[in-house]
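Structure, as structure tokens:
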Amino acid sequence: MRLSSGLLVASVAAGLLSVAAALLAMPAASLQFGLAMLLALLGHVLASRGGRRVRWAVAAGIGLLAVVAAMRLFWYQEQVVETGWLTYGQAAAKTALLARWREMIDRERLAVLGLALGVLGLAAGVLALPTRGRRRGVATAVLALLLFAWFGLSLAREFGRYPLLDLLGTVWPALLAALVAMGALALSGWRADRRWLLPVGLVLLSLGAVNAYADLTAAWSGWWVMARPADGAFLEMGVAVSMASPDFPQLSQAVEAAIALAGVELVAVGALRSSHEADPS
């Protein structure tokens, strides 16, 4: 029990350091502490005596998220800083830019696929919890429906701007992660622990998945406009183009880190508590 509690404290401390590093514009340190937080949380779940119903599903979800964090850290460390474009060879420069941009989008899509699988693991842990027939489950169902309605309206606006099949072919992992997290949120009220850590964590997890969708959509839409300018628009190389969607709130790196890490932490701890409360032995 001491080991489990110590790992939980270490996980919380590493999460706070990750958010602080993001706030201080130290992305490498933020990724390192985020990875440490997930590994410590994984150790806490595996070392916990309770939570027999959910332990392995939750551990699998956290493990996949840790792999994603390690991938992001590796990609960040291998980045090559480019000082600028040459004054000649604009066509070749544009081709190289688009190729590099597309490579980054493909990497991000792979990372978001890992996020979706991790969310599936956590959702499986939620579904493994027994239902208790609590009326407050209706509250989480209504909240999930409201969140889904807002997300759906935003999706409809995005689909009207860009080719539907091309967009879905890129962002479907993020879309899957968001829908699974919202589905788990809808069912969490009937399975929640007394302190409601599980539903709160799933709200944050849903918001993190929506933010991942918004980031991936913004990256793809910028690439698409650069590669295929609409209405004969002309884009000059070296001019930054921001394609962030106005339908999604733009969050700072520190807030993004806080939402993502706190969501995973609360879901894991809440699932273990709920399982222990349902089966004290």
Side-chain angles (χ1 to χ4, degrees), residues 15 18-19 22 30 34 38 61-62 64-65 68-69 72 104-105 107-124 126 139-162 164 166-189 197-224 242-268 270:
S18 177
V19 174
S30 180
L38 291 171
I62 296 172
L64 287 167
L65 295 177
V68 172
R72 290 188 184 279
M104 293 174 63
I105 292 174
R107 284 185 172 186
E108 184 62 24
R109 182 172 57 174
L110 179 60
V112 175
L113 177 59
L115 169 66
L117 294 175
V119 172
L120 280 171
L122 295 175
V126 174
T140 57
V142 172
L143 179 59
L145 286 175
L146 291 174
L147 188 58
F148 176 76
W150 166 72
F151 186 50
L153 290 175
S154 302
L155 285 177
R157 296 190 184 98
E158 291 295 329
F159 291 161
R161 294 190 184 107
Y162 307 106
L164 176 59
D166 290 343
L167 178 60
L168 287 178
T170 298
V171 304
W172 69 265
L175 185 61
L176 175 63
L179 294 178
V180 169
M182 292 177 197
L185 170 62
L187 300 174
S188 64
L197 298 179
L198 182 60
V200 172
L202 286 168
V203 169
L204 295 177
L205 196 64
S206 299
L207 293 176
V210 169
N211 184 67
Y213 169 85
D215 288 344
L216 186 56
T217 301
W220 179 86
S221 61
W223 171 86
W224 185 82
S242 176
M243 297 303 298
S245 172
D247 300 316
F248 294 96
Q250 301 303 304
L251 305 178
S252 69
Q253 294 295 323
V255 174
E256 289 182 7
I259 290 175
L261 296 179
V264 177
E265 186 96 39
L266 290 175
V267 169

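All figures in this text were calculated on a predicted structure; none of them were measured in a lab. Positions are given from 1 along the sequence.
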Next on the checklist: Quick one, L197 and E265 - any side-chain contact, counting heavy atoms below 4.5 Å?
Outcome noted: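 Contact flag for L197/E265 side chains = no.
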Considering all heavy atoms, the nearest [X]-[Y] contact:
X    : Y    : value
L202 : A184 : CD1-O, 3.5 Å
V203 : L143 : CG2-CD2, 3.6 Å
A262 : L204 : CB-CD1, 3.9 Å

Distance from [X] atom [atom1] to [Y] atom [atom2], nearest 0.5 Å?
X    : Y    : atom1 : atom2 : result
S188 : L198 : OG    : CG    : 5.0 Å
E108 : L115 : CD    : CG    : 9.5 Å
M182 : T140 : CE    : OG1   : 14.0 Å
L216 : N211 : CG    : CG    : 11.0 Å
L147 : L207 : CG    : CG    : 6.0 Å
F151 : S206 : CZ    : OG    : 10.0 Å

Next on the checklist: Please enumerate all residues that pass side-chain hydrogen bond (donor to acceptor under 3.5 Å, both in side chains) together with S18, with sequence neighbours excluded.
Outcome noted: S30
What residues, two or more places apart in sequence or in another chain, satisfy side-chain contact (heavy atoms from CB on, under 4.5 Å) together with [X]?
X    : value
L64  : L117
A111 : V68, R72, W75
V264 : L38, L41, I62, L65, L205

Checklist entry - Using the ring of each side chain (for Trp, its six-membered ring), is W220 parallel, tilted or perpendicular to W223, with breaks at 30° and 60°? => result tilted
Contacts under 3.5 angstrom, residues 166-178 side chains, donor-acceptor by atom type, not counting sequence neighbours:
none

Next on the checklist: Test side chain to side chain contact (heavy atoms under 4.5 Å, CB included) on T217 and Y213; report intermediate values, then the result.
Outcome noted: CA-CA 6 Å; T217 301; Y213 169 85; 3.4 Å; yes
